[in-house]
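A short write-up of the structure that comes next.
Naming convention: chains lettered A, B, ... in sequence-line order (proteins, then strands); numbering from 1 in each chain.
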Amino acid sequence: MSAARRPAAGTWLTLAALRRSRGRTAWAVLVLALVAGLTSSLAGVNGLIRERARRELSRFGPNVMLRSADAGLPDFPREWLPDATRLQALGVEAAALAAPVEGGAITWPWAGALPDWARSGEASALGLEGRIREATASDGTPARVVLVALRVDPRRLGATVDTLARELPGVRVDVVRAVALTESRVLDRLGAFVLAASVVLILLCGVSFSSTLLAQWMARRGEVALMLSLGARRSTVTRLFAQEIGALALVGGLAGALAGSLIGWLVLRRGFAWDGSPWDWPWWAVVAGLAAALLVAAAGGVVPVRRALRIQAASALGGE
Amino acid sequence: MGLRILLEGLRRRWRMKLAGFLTVTFGVAVLGTLLHLVTQGRDRLAVDLRGYGPNLVIRDDQGGLLDASRVPAVKTIFWRNNITGLSPERSVTAETAAARYEIVGSWISRDMPLPESGTWRTGLLALHPAWSAPGVIDGRAPRDDADEAMVGARLAQRLGIGLGVEVEARRGDARVGVRVAGILRAGDAWDDRMIAPLPVVERLAGPGVERVSVGALAKADDELSRRDAASLSPADAELMTCSPYLSTIAREIEQALPGTSVAPVRRIAEAESEYRGRLEAVLALLAVAAAIVTALGVHASTRSALAARSAELGIMRALGARTGTIAALFLGEGVLMGAAGAATGALLGFVLASALSRAVFDAPMHFEVATFPVLVMVGALLSLVGCAIAVAQALRADAISLLRAAR
């Protein structure tokens with residue numbers, strides 16, 4: 001066998017081994033797909049759930065209030081706020097407003113960056129009395145805006161409050177403690193809870209299935225002994241098994257990681273109303289699934305192959 | 001005879017048996033951990049949502065005042081353990097020489113005698129846990145038995161008062177002097193109010209409270225809870241009564257306190273229901289994943305362990321044992337090992353869940369006794385199914401094939 005033909009022969013032997021025992025191959029692929037699917041779906045859910053939960057918790061109300069007792073609130077540039085997508089002006093309140101006002105528009109220059117729902121009906125569910133900057137009081141006189149409720153990304157809350165307090169003299173900037181503290185606590189607990197449960201599950205999956213694969217490959221000592229007795233080098237046998245394990249992990253892992261990502265996407269879509277497409281699923285979650293499948297396959301394969309290479313071919317094949 | 005062979009079988013090759021036992025133990029332990037985490041974690045996560053404030057308000061149905069001494073009846077309802085806090089409140093307008101302001105009389109943090117026995121500490125501080133965070137109250141909350149008050153930060157600024165100052169609140173001819181024990185920086189409407197113990201405000205405005213704010217752990221609304229109670233079938237009505245929906249808890253409170261109406265705080269109740277409903281999807285994913293992984297893991301390991309014992313099967317067949325006898329012996333052994341492993345795993349799962357709960361929620365788990373027999377049965381069943389498939393496959397082969405495969 002020439003050096004150039006060795007890889008082709010090795011590949012042929014690997015494919016033959018996989019084809020020869022279809023049941024065993026299918027079981028190994030299924031197991032590795034499960035490992036990859038579970039890992040990728042849980043990794044993605046862990047990565048996205050805090051952001052999704054944060055959006056849900058925003059329904060509990062604004063976390064920053066800007067108040068001006070005397071002159072009304074001044075305009076301020078959008079640049080003072082950290083990130084357009086993470087800040088939502090939920091509404092304003094007019095000092096002389098007799099009843100909630102429908103219609104109108106927020107007149108800050110950057111108001112166009114606001115999502116539609118911040119300017120329409122949903123904001124009223126947050127318990128704010130009015131939600132337009134220029135309002136008309138019940139007697140027809142223009143009302144002065146004295147209160148703006150803001151929804152600031154909790155991670156940038158401190159810095160944003162500092163900026164607003166520094167740049168808006170005469171305006172009182174209050175953090176709504178019940179909202180800010182509860183939200184931070186709920187998100188921390190939720191993140192830790194899902195992470196703990198996921199780690200336990202992935203570990204169970206990994207340990208349990210690597211031992212299953214280990215038992216499966218241990219049963220193939222005879223094959224190794226036969227190869228050795230026919231003159232195969234130990235490195236060749238190792239390479240053949242590594243190819244087989246790699247092929248199984250790649251096929252099972254890729255299929256599982258893609259299926260798991262789809263399931264995770266569906267859970268977030270149905271559960272947390274995620275509007276992202278499947279293509280928005282984090283790529284690293286798919287990679288994590290594939291890596292988990294490779295790891296479990298390797299963990300299940302290394303020990304049997306090493307043990308099999310130490311055996312005496314004659315005693316393993318005795319009577320064959 | 002059969003029992004002796006079964007016991008001998010368990011004693012011999014103990015290392016292999018130990019591996020099978022540990023597989024079931026480990027699988028059931030993780031399933032038990034997740035079962036505890038998912039069932040109790042749901043409630044723990046919901047408790048944190050109570051930080052947003054009360055979600056029910058009790059008022060007199062004729063618009064009058066309520067007698068605060070009737071409030072303990074709230075803790076007699078079926079879902080009393082879901083009530084996390086309550087405070088009777090009376091808001092009146094008071095004035096000083098300089099300004100008019102709102103003063104709220106309430107329980108701050110007091111031991112409410114329970115109708116059955118014992119006491120339960122509740123009040124505004126229990127209803128608003130965020131106030132206990134550092135920096136929210138300068139000074140301290142007032143004592144329920146003292147003439148003290150806590151003043152909102154904006155009101156304190158408006159009145160020009162600070163910690164330790166004596167303030168005289170007036171309402172008509174009534175006058176009450178209180179000492180400012182704390183300044184509250186809640187960042188919301190409470191910053192414009194003065195909070196005093198209920199007896200102080202009752203001296204200003206007379207006895208009675210206008211509302212009782214209640215914090216309750218409630219199940220997320222679903223299709224059933226949104227239906228009109230009158231249109232429900234007897235089975236659905238029973239199911240609804242057996243579920244702690246906010247509307248169910250409100251109805252029970254109305255029955256315990258005749259002459260009252262209980263309304264949800266819409267903003268809090270809707271947001272909470274929405275969030276809890278969404279959380280269910282993630283918890284369901286974890287529970288289903290745990291069940292599938294445990295089932296497949298235990299099943300596969302049991303099959304592998306039994307496949308390694310084909311020599312025993314072969315010898316039995318060669319000696320003329322009947323198929324039924326062999327199957328009974330192996331299945332009996334599998335069930336015994338599965339049940340023993342599952343029992344150990346169930347206990348281990350609780351210990352693991354409790355450790356994780358301490359890390360995540362700063363609180364231990366309650367041992368759900370009902371999960372123990374369920375987990376033991378699940379472990380035994382998984383082991384039985386794994387053994388049954390492996391034995392059925394093995395018994396299709398003849399004795400010689402089994403003995404050759406075992407070498």
Side-chain angles (χ1 to χ4, degrees), chain A residues 27 30-31 34 38 41-42 45 49 52-53 56-57 59-61 63-65 67 125-127 172 174-183 185-186 189-190 192-194 196-198 200-201 203-205 207-209 211-212 214-216 218-219 222 263-264 267-268 270-273 318-319, chain B residues 19 23 26-27 30-31 33-34 37-38 41 44-45 48-53 128-131 133 136 153-154 185-188 191 266-268 270-272 274-275 277-282 284-286 289-290 292-294 296-298 300-301 304-305 307-308 352 356 359-361 404 407:
Chain A
W27 175 247
L30 175 71
V31 160
L34 257 171
L38 193 73
S41 63
L42 290 179
V45 167
I49 195 166
R52 299 308 307 165
E56 287 302 320
L57 293 175
R59 290 170 186 269
F60 281 97
N63 54 2
V64 174
M65 295 289 198
R67 287 184 174 81
L126 293 154
R172 190 184 175 100
D174 286 324
V175 174
V176 183
R177 303 297 183 102
V179 172
L181 294 172
T182 305
E183 184 168 305
R185 189 180 175 84
V186 167
R189 293 271 178 94
L190 177 69
F193 168 77
V194 177
S198 304
V200 168
L201 254 176
L203 273 181
L204 164 71
C205 196
V207 171
S208 153
F209 289 148
S211 64
T212 303
L214 188 142
Q216 197 179 70
M218 283 293 263
I263 291 169
V267 166
L268 282 183
R270 290 182 66 86
F272 274 82
Chain B
T23 302
F26 186 58
V30 174
L31 185 63
T33 304
L34 285 165
L37 274 182
V38 167
R44 293 275 159 76
L45 291 168
D48 287 337
L49 293 177
R50 297 273 39 83
Y52 286 112
H128 300 274
W131 293 1
V136 178
R154 283 192 299 276
R185 299 178 193 283
D188 52 22
D191 284 6
R266 213 187 62 167
R267 175 171 64 93
I268 301 285
E270 285 179 357
E272 190 172 326
E274 192 79 17
Y275 176 76
R278 299 205 181 286
L279 196 59
E280 297 287 329
V282 176
L285 171 74
L286 292 173
I292 291 175
V293 170
T294 307
L296 279 175
V298 172
S301 301
S304 305
L352 192 58
L356 283 173
V360 175
F361 300 112
R404 283 175 70 85
R407 278 219 323 268

Quiz prompt | Shortest non-hydrogen contact between B/D48 and A/V186, atoms and distance | solution = CB-CG2, 3.6 Å

Quiz item: Checking A/L42 against chain B: side chain, backbone, both or neither under 4.5 Å from a heavy atom?
Solution: side chain

Quiz prompt | B/R50 versus chain A, the contacting section by heavy-atom distance below 4.5 Å | solution = neither

Exercise. Just give me the residue among A/A197, A/S41, A/A196 that pairs up with chain B most often, heavy atom to heavy atom, under 4.5 Å.
Key: A/A197

Quiz prompt | Minimal non-hydrogen separation, A/R177 against B/R185, with atom names | solution = CG-O, 3.2 Å

Practice problem: Flag the one option from B/L49, B/L356, B/D191 with the top tally of heavy-atom pairs under 4.5 Å to chain A. | Solution: B/L49

Self-check item: From OG1 (A/T182) to NE2 (B/H128), nearest 0.5 Å
Solution: 10.5 Å

Quiz prompt | Interface moiety of A/V176 toward chain B, non-hydrogen atoms closer than 4.5 Å | solution = both

Practice problem: Considering non-hydrogen atoms only, spot the tightest contact between B/A130 and A/A178 and give its length. | Solution: CB-CA, 3.6 Å

Self-check item: Side chain / backbone / both / neither for A/L190 at chain B, heavy atoms under 4.5 Å
Solution: both

Quiz item: Where on B/A153 is there a heavy atom nearer than 4.5 Å to chain A: the side chain, the backbone, both, or neither?
Solution: both

